[in-house]
Amino acid sequence: MEVEATNFIEDIINKDLAEGRCDHVQTRHPPEPSGYLHIGHVRNIVLNYGLAQKYGGVCNLRYDDTNPQKESQEFVDSIQDDVHWLGYNWHEIHYATEYFQMNYEVALKLIKEGKAYVCDLSPEELSKTRGTLTEPGTNSPYRDRSVEENLDLFGRMKNGEFPMGSRCLRAKIDMASPNMNMRDPVIYRIQYLNHQRIGRSWNIYPTYDFSHPLDDCYEGVTHSICGPEFEDHRPLYNWVVENSGLKNHSRQVEYANLYIKGAILGKRFIKKLVQDGKVTGFDDPRLYSLRGLRRRGVLPESLKNFVVAAGISKSNSLIDPEFLNHFIRDDLNRVSKRVMAVLNPIKLVITNWEDGKEEEVELEDYPQNETTTKRKYYFGKESLIEREDFISIPDPKFHRLYVGAEVRLKGAYIVKCTDFDVDDNGNVTTVYAEYEEGTKSGSNCTKKVKGTIHWVNPNHARKIEARLFENLVDEESQEEVEGQEHATDNFKINPNSKIILNNAYIEDDVDFNFEDRYQFMRNGYFCLDKDTTQDHLVFNRTITLKDTKKK
RNA sequence: UGGGGUGUAGCCAAGUGGUAAGGCACGAGACUUUGACUCUCGCAUGCGUAGGUUCAAAUCCUGCCACCCCAGCCA
């Protein structure tokens, strides 16, 4: 399925093109390598790579790696891998750290023009003079240093002559601005840290607010698409661009974030879950990280279709997980190989079937494809059926088995339930039924029944492990985080949140493949999990089929 | 009680002065070798709210309300 949609960002681009503000489109995907990508990032990725593609321009991957405290090589590697998995290719790959020398020169220019100064206030003191949301800040006592002194001090900062935090470089803008970001923002700070890419080669690091607009200009970015939290940084972004002396002027465009109800997004929260051992890792299938989704068998196309269909606006959206599931199912339904399996078996005996007799039935592997391959199944006197496909108290609303009810056994005959056995605890152990001659699937049978159930012949089946996932967050905490970033420090993990292992029976003679997706009738979509071996198959349930009604 | 942003159905979302698209979810029905898929129909006298302008307002004006972001030498 191809999903197409236009959005307000395209309107802006079209207008810029039409009015000659730019003659091409270039974007950038600027992740900070401080965590794994999750579904919340997909919108940004689709926007940046997609828009460049659409307008015949390019999109660079540029790591915003200006803060070594939070970053690591593990994340830079995983991001590239995840972007590729999503099916995108960057034009060039860059690092904010590549531009440090150029950034430095712009800073020098600013100092020479009296637009930036070295401030000796400690972070605490600086914070005090910044004012509050309702009161203006006060000028730093170092604000009016001479150009010479600033140049000297900044040079010595670069040389590593001062301790971390003792001085910083600030843009001289307006301490009384109602926009906190314009109150002489810090644009360079001293950091003696080992950077994953450049080691200890720089003692001063530009801040995001300074390096980002500059880097956009160096690369020729025309539209710098970012999250809503940067909206009030735009005046600063423009200030830097305008005062940089650089020719190319990029334009910052903000769009709103996408959240999924009940999903824990946000790098620090996912990290916490991993650290606390609540999940098995960044690729835990219960997570909405790209790795988790991937391990769960979700196709990248589905994710892209989802974000495109969800649309892009400026109001933050908290999307119903069913909306995502719809797109996942839509693709899975087409590509999944159908296999018969029973997750929680009870025995079904066909009383009027000849002992030892087996009959071949044939079923399509991909019923959605006209050119599907087919496979043989063997129907016999005894089958294993899903426990939930039988109820002991008759209910005409129930379309499956109860005494007196008729149902089709997928690919085989229509059978009528006659009786069942119960053990000492009241659990159903065996169900009895009679088959009706002439009702075999594919024959000229005209008889219709409401339900069709799946089955497995125990003589042609083997035991496997299937993992079913419970939600990570319970209903209560979903309510609490609604409208928020879904995860505050208070979020509660559902105490029942776990991976349930089920011993299922699956038809033998199926060649399972790691790349394939499977559908087990009525139990949803599955894929092989990573710890699968030759003789030990482990399935992850990707997602259930649309909820089956049980009234 | 500063600044910025956003409010259209249960959830997303189009709409830019001419009488509320579309999708998800939901309900009814048809089809069916998956209660899936597919198909058909239904689903806002209403656009945060109160006024105002206009022949005409979700769209323009004014006031109010709610939510989100900003006081890192994070991004």
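In the text below, chain A, chain B and the rest are named by the order of the sequence lines, each starting its count at 1. Computed from heavy atoms alone, side chains included, the values below leave out hydrogens, waters and symmetry copies.
- Among the nucleotides B:rU33, B:rC68, B:rC24, the one closest to the side chain of A:Lys410 is B:rU33.
- B:rC68 sits 26 Å from B:rC61 when the C1' atoms are compared, rounded to a whole Å.
- The environment of A:Lys376 atom NZ is sparse: at most 12 non-hydrogen atoms of other residues, nucleotides or ligands sit within 6.0 angstrom.
- The NZ atom of A:Lys70 sits 9 Å away from the P atom of B:rC74 (whole-angstrom rounding).
- B:rU19 and B:rA36 have their C1' atoms separated by 41 Å, given to the nearest Å.
- Spacing between B:rC69 and B:rG29 at atom P, rounded to whole Å, works out to 46 Å.
- Considering only side-chain N and O atoms, A:Arg130 lies under 4.0 angstrom from the phosphate OP1 or OP2 of B:rG72.
- The ring of A:Tyr518 has its center no closer than 6.0 angstrom to the ring center of A:Phe526.
- Out of B:rC37, B:rC12, B:rG23, the shortest distance to the side chain of A:Phe327 is found at B:rG23.
- Ring pair A:His233/A:Tyr237: centre-to-centre distance not below 6.0 Å.
- A close approach under 4.0 Å does not occur between any side-chain nitrogen or oxygen of A:Thr544 and OP1 or OP2 of B:rA36.
- For A:Arg400, counting side-chain heavy atoms from C-beta on, the closest listed nucleotide (B:rG23, B:rG35, B:rG2) is B:rG35.
- In this structure, the nucleotide among B:rU6, B:rC73, B:rC74 sitting nearest to the side chain of A:Lys314 is B:rU6.
- In the set B:rA36, B:rC73, B:rA71, B:rA36 carries the atom at the smallest distance from any side-chain atom of A:Leu545.
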Restricting to nitrogen or oxygen on both sides, can you table the protein-nucleotides 39-42 of chain B pairs closer than 3.5 Å?
none

Task: side-chain hydrogen bond (donor to acceptor under 3.5 Å, both in side chains) evaluation trace for A:Tyr218 with A:Asn103 - done: CA-CA 10 Å; A:Tyr218 304 144; A:Asn103 293 162; 3.0 Å; yes
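- For the C1' atoms, the distance linking B:rC26 with B:rG3 amounts to 42 Å, nearest Å.
- Within 6.0 Å of atom OH in A:Tyr377, more than 12 heavy atoms from other residues, nucleotides or ligands are found, so the atom counts as buried in its surroundings.
- The salt bridge (Lys or Arg N to Asp or Glu O under 4.0 Å) with A:Asp120 is formed by just one residue from the set A:Arg170, A:Arg167, A:Arg143; it is A:Arg167.
- Taking only side-chain nitrogens and oxygens, A:Thr207 never comes nearer than 4.0 Å to OP1 or OP2 of B:rC73.
- In this structure, the nucleotide among B:rG35, B:rU33, B:rG2 sitting nearest to the side chain of A:Leu363 is B:rU33.
- Taking the side chain of A:Arg408 as heavy atoms from C-beta on, and the options B:rG2, B:rU33, B:rA25, the nearest nucleotide is B:rU33.
- Using atom P as the reference point in both B:rC37 and B:rA25, the two lie 8 Å apart (nearest Å).
- The residue A:His399 sits close to a base: some heavy atom pair falls under 4.0 Å.
- Other residues, nucleotides and ligands contribute more than 12 heavy atoms inside 6.0 Å of the CD atom of A:Glu19.
- Checking side-chain atoms of A:Asn60 against main-chain N and O of A:Arg62 turns up no donor-acceptor pair under 3.5 Å.
- As rounded to whole Å, 15 Å separates atom P of B:rU1 from atom CD of A:Glu135.
- If you take atom C1' in B:rA57 and the same atom in B:rA20, they sit 12 Å apart, rounded to whole Å.
- To the nearest angstrom, P of B:rA13 lies 9 Å from CG of A:Asn316.
- Spacing of P atoms, B:rA75 relative to B:rC11, comes out at 36 Å, to the nearest Å.
- Looking at residues 226-236 of chain A, you'll see A:Glu229, A:Phe230, A:Glu231, A:Asp232, A:His233 sit with a heavy atom under 4.0 Å from some atom of RNA chain B.
- In this model, the phosphate group of B:rG72 is approached by a side-chain N or O of A:Ser127 to a distance below 4.0 Å at OP1 or OP2.
- A:Val118 approaches A:Tyr142 most closely through the heavy-atom pair O-CB, 3.6 Å.
- Between A:Lys546 and B:rA25 there is a side-chain N or O to OP1 or OP2 distance below 4.0 Å.
- Looking at heavy atoms from C-beta onward, A:Val106 lies in side-chain contact with A:Phe210 at the 4.5 angstrom threshold.
- Side-chain contact, A:Glu32 with A:Tyr208: no donor N or O sits under 3.5 Å from an acceptor N or O.
- Residue A:Pro178 has its side chain nearest to B:rG3 when only B:rA75, B:rC73, B:rG3 are considered.
- Side-chain proximity of A:Glu322 to B:rU6, B:rC24, B:rA75: nearest is B:rC24.
- Comparing B:rC11, B:rC70, B:rC73 against the side chain of A:Asn181 picks out B:rC70 as the nearest.
- Residue A:Ser177 is classed as having no contact, given no heavy-atom separation below 4.0 Å to the nucleic acid.
- Of the residues in residues 30-48 of chain A, those lying under 4.0 Å from RNA chain B by heavy-atom distance are A:Glu32.
- If you look at A:Phe154 and A:Tyr188, their ring centroids are closer than 6.0 Å.
- Within the 3.5 Å criterion, the main-chain N or O of A:Val339 finds no donor-acceptor partner in the side chain of A:Glu507.
- Between the P atom of B:rU33 and the CE atom of A:Met340 lies a distance of 14 Å, rounded to the nearest Å.
- Heavy atoms from other residues, nucleotides or ligands lying under 6.0 Å from CD of A:Glu437 number 12 at most.
- Here the closest heavy-atom approach between residue A:Thr544 and residue A:Arg329 is recorded as O-NE, 3.1 Å.
- Using a 4.0 Å heavy-atom cutoff across all strands shown, A:Thr132 reaches at least one base atom of the nucleic acid.
- With a glycosidic angle further than 90° from 0, B:rG22 counts as anti.
- Residue A:Glu364 is out of contact with every strand shown, counting any heavy-atom pair closer than 4.0 Å.
- With a cut-off of 3.5 Å on both Watson-Crick or G-U wobble distances, the partner of B:rC41 is given as B:rG27.
- B:rU45 sits 13 Å from B:rA58 when the P atoms are compared, rounded to a whole Å.
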